[in-house]
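Chain A is the first sequence line, chain B the second, and so forth, proteins listed ahead of strands; every chain is numbered from 1.
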Number of protein chains: 4
Amino acid sequence: MSSTPIVRTDKKQAILDSALQLFVNKGFNATSTASIAKAAGVATGTLFHHFPTKKDIMSQLFLSIKQEFATNMVSNTQFSGDIEQDANTLWQKAIDWAIAQPLKQLFFLQYSMSADIDADVRKQAMNSILGFVVELINRGKQQQIIADFPNALLLENCHGQYLAAIRFFTDNPHLGDDEIHRSASFKLFWQAMKA
Amino acid sequence: MSSTPIVRTDKKQAILDSALQLFVNKGFNATSTASIAKAAGVATGTLFHHFPTKKDIMSQLFLSIKQEFATNMVSNTQFSGDIEQDANTLWQKAIDWAIAQPLKQLFFLQYSMSADIDADVRKQAMNSILGFVVELINRGKQQQIIADFPNALLLENCHGQYLAAIRFFTDNPHLGDDEIHRSASFKLFWQAMKA
Amino acid sequence: MSSTPIVRTDKKQAILDSALQLFVNKGFNATSTASIAKAAGVATGTLFHHFPTKKDIMSQLFLSIKQEFATNMVSNTQFSGDIEQDANTLWQKAIDWAIAQPLKQLFFLQYSMSADIDADVRKQAMNSILGFVVELINRGKQQQIIADFPNALLLENCHGQYLAAIRFFTDNPHLGDDEIHRSASFKLFWQAMKA
Amino acid sequence: MSSTPIVRTDKKQAILDSALQLFVNKGFNATSTASIAKAAGVATGTLFHHFPTKKDIMSQLFLSIKQEFATNMVSNTQFSGDIEQDANTLWQKAIDWAIAQPLKQLFFLQYSMSADIDADVRKQAMNSILGFVVELINRGKQQQIIADFPNALLLENCHGQYLAAIRFFTDNPHLGDDEIHRSASFKLFWQAMKA
DNA sequence: AATGAATGAGCCTTCATTCAT
DNA sequence: GATGAATGAAGGCTCATTCAT
């Protein structure tokens, strides 16, 4: 009789979508659960039916966005075997993703190290992403193309440089398509990493 | 009646000190003005006598710490004229400062890009610090020692790498004295910057 | 399709059972309808299918327990005609019942005069029980064995002493089989009542 | 300049007074903290300034009323040394108090064994009151005037009979001055206790 | 009859801020 | 300057109840 059997999930997603927008534009604490519900076209009770806690919205949002990012990075990526070239491919893809998803990118910038997200959630997210980066680094080290520094330091540096790059392109949106800046941003990164 | 006109500052400073500790350990929003006052051994009213607003505590704290950092960086620093060597001196000094002031360092990490601090305050702070960095960069570019990338990108990158470095040393405190890691952290940075 | 038309009662009874346990252990207000349903292995909707209101669960529970108690008191009881002996028989039976049904006894203790039960329900329950007590009292008065005090006062006193007795045996479960305490509890009661 | 330096306490007391009235008339759970504050002519925040929790209002109320009752019982009481006469004096005094303070009496009736009051608070209150009763019982036992039953049982019975008596006089207010009923209520009690 | 997602009024509590002393 | 009681708006969350399936 009904043609919309899966509609349920819609509401949960609508809540996440509204939360993303509000968290980015007003901040986590300045966003009331009521406003999230309202923006999602849902009752307050519904929100708490799907998420036990306001913090849980944040956690799930954080995790799902990181996951989406990671998935995007890996899928449809042709690895040439040349470390630098592959690194460049990934880097540009990451920048592309950030530019295509301004909201999610701003979310990264604001919450990647905010106290509004529990440390363990952040750690969990890191692991799910960094898999492919670690792999690349290890491969690069074996071929003596990437500097032989401690992995933890390299990873932190990658993350820091990536955030810096997208912050730059966020502050200067018109440069997103500019080849000079884009290649410069990769070069900065790569110079740091290479042996 | 009173012969100690400067004692005043004591309370104001006590409030800032307590705020720093609480903001770092519990977050800005999870810290009530009442708890700050209590930790400072002061009445709530007194707190609002010195700071019109809770946000003002944050702003003054942010500004004063950034200022302190900037002052520390410049004072007693002998510039050799050799860009790389000077950069290294500054970098190590910055790391030293961060390690010596764990609370302030964590404050940096958490609030350097948080929404809890007004954008203009952040901008203002940036300028007060980055002065000497800009200068160094410009000098390096003239001598063609530093890569000829847009300054905004370079600055953002510096900042990002610095935060990554102190995050690494925060997560691994025992490596703060380890020469290998410290020099590695600079090399990563410098490789990125150099022409 | 179904050949078990009586299975229905199962769920209704399961709800009442769970409600009894939860009301006693957590209190009426601290028990959510959701928790009752869950404990009964039933959906929320089902609960409200059987009971229009949360209060109705309480009322039906109260009534059915009181009824069960009254039925137990009267059934299989041999009246000797000797008032004191009969009173003792009933008293001991009441204590036995309370000890055998700790949950229901605690329910009595907590809700016999709670505001969580509508006054008229309580009154209704009283009548259904007190029938046999009133009868006994009247018989005793005729034979001038029971004191000639107003019935309302005597009834209230009976109830009060009974609650006191089971509270004592609840607080001291190991004395439930102790003849000295059991006979003492009856003597206290009987001394009060007798002419 | 001001002539009302102690006014502070007024608000706390006003809150307790309003709470008493509302708890008795509407029940603990049906009474919102907002309604208590409003009835007390105070802001919500003020209520929580004086009582950390709604439950704390209840606890303090319970304790203070029990205390008041105990104080009233002991003060200005001439003990004749004759146990029965002294018991009667106290019993009548207790009934008088209950009749004079209908609200507090109803509070007793409703909350003496409600789940809305923490068990330990109830225990604490018991101890503070029952002191003089225990003393009387012990004296009576020594003189072999009071039956040699376990104290715990006697105490529970006293309490139960007292509650029954005030419940009776609550339900029949016009009998509060009736000598027949009042003396009957004592006789019931005393017959139970005496050897 | 059974289900459980959805609802939204209402509750307890927090907290930045004020102000009389 | 210092105090802390008082304020009241606002927020996160609960929960009895409904209803489409």
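Nearest-nucleotide positions on DNA chain E for B:Phe48 and C:Gly45 put C:Gly45 closer to the 5' end. Of the two residues contacting DNA chain F, namely A:Thr31 and C:Phe28, the nearest-nucleotide position lying further toward the 5' end is that of A:Thr31. Between A:Ala43 and B:Ala30, the residue whose closest nucleotide on DNA chain E is further toward the 5' end is A:Ala43.
Between D:His50 and F:dA6, a side-chain N or O to OP1/OP2 separation shorter than 4.0 Å is present. At least one side-chain nitrogen or oxygen of B:Thr46 sits closer than 4.0 Å to the OP1 or OP2 atom of F:dT3. Taking 4.0 angstrom as the limit, B:Ser32 places none of its side-chain polar atoms (N or O) nearer than this to OP1 or OP2 of E:dT14. OP1 or OP2 of E:dT17 sits under 4.0 Å from a side-chain N or O of B:Thr53. Using a 4.0 Å cut-off, some side-chain N or O of D:Thr33 falls inside it from OP1 or OP2 of E:dC12.
Heavy atoms only, all atoms of each residue included: D:Lys11 and D:Val42 are closest at CD-CG2, 4.1 Å.
Between the CE atom of A:Met58 and the OG1 atom of A:Thr31 there is a distance of 8.5 Å, given to the nearest 0.5 Å.
Which of E:dT17, F:dT3, E:dT3 sits closest to the side chain of B:Lys54 comes down to E:dT17. You'll find that the side chain of C:Lys11 is closest to E:dT3, out of F:dG12, E:dT7, E:dT3. Looking at the side chain of B:Thr44, the nearest of the listed nucleotides E:dA6, E:dT17, E:dC12 is E:dT17.
Consecutive Watson-Crick or G-U pairs involving DNA chain F, each under 3.5 Å on both distances, make up stems of three or more pairs at E:2-21 with F:2-21.
Distance NZ (A:Lys12) to P (E:dA5): 11 Å, rounded to an integer number of Å. A:His49 has its NE2 atom 18 Å from the P atom of F:dT17, to the nearest Å. Atom CD of D:Gln13 is separated from atom P of F:dA6 by 14 Å (rounded to the nearest Å). Atom pair B:Leu47:CG and E:dT17:C1' shows a separation of 10 Å (rounding to whole Å applied). Note: CG (C:Leu22) to P (F:dA16) measures 12 Å, nearest angstrom. A straight line from NZ of D:Lys38 to P of F:dT7 spans 15 Å, rounded to a whole angstrom. We find that CZ of A:Phe51 is positioned 15 Å from C1' of E:dA6, with the value rounded to whole Å. Distance NZ (B:Lys55) to P (E:dT17): 11 Å, rounded to an integer number of Å.
The one candidate from B:Phe108, B:Phe62, B:Phe107 that meets the ring-ring contact (aromatic ring centres under 6.0 Å, His included) condition with B:Phe69 is B:Phe108.
Side chain of A:Gln110 to backbone of A:Val24: a donor-acceptor contact under 3.5 angstrom is found. Without hydrogens or angle criteria, B:Ser59 side chain to B:Lys55 main chain gives a donor-acceptor distance under 3.5 Å. In this structure, A:Thr53 contributes its side chain and A:Asp56 its backbone to no donor-acceptor pair below 3.5 Å.
Relative to the six-membered ring of D:Phe51, D:Lys12 meets both conditions, a distance below 6.0 Å and an angle of at most 45° to the axis.
B:Ser35 comes within 4.0 angstrom of nothing in the nucleic acid, heavy atoms only.
Residues C:Phe28 and C:Ile117 fail the side-chain proximity criterion, which asks for heavy atoms closer than 4.5 Å.
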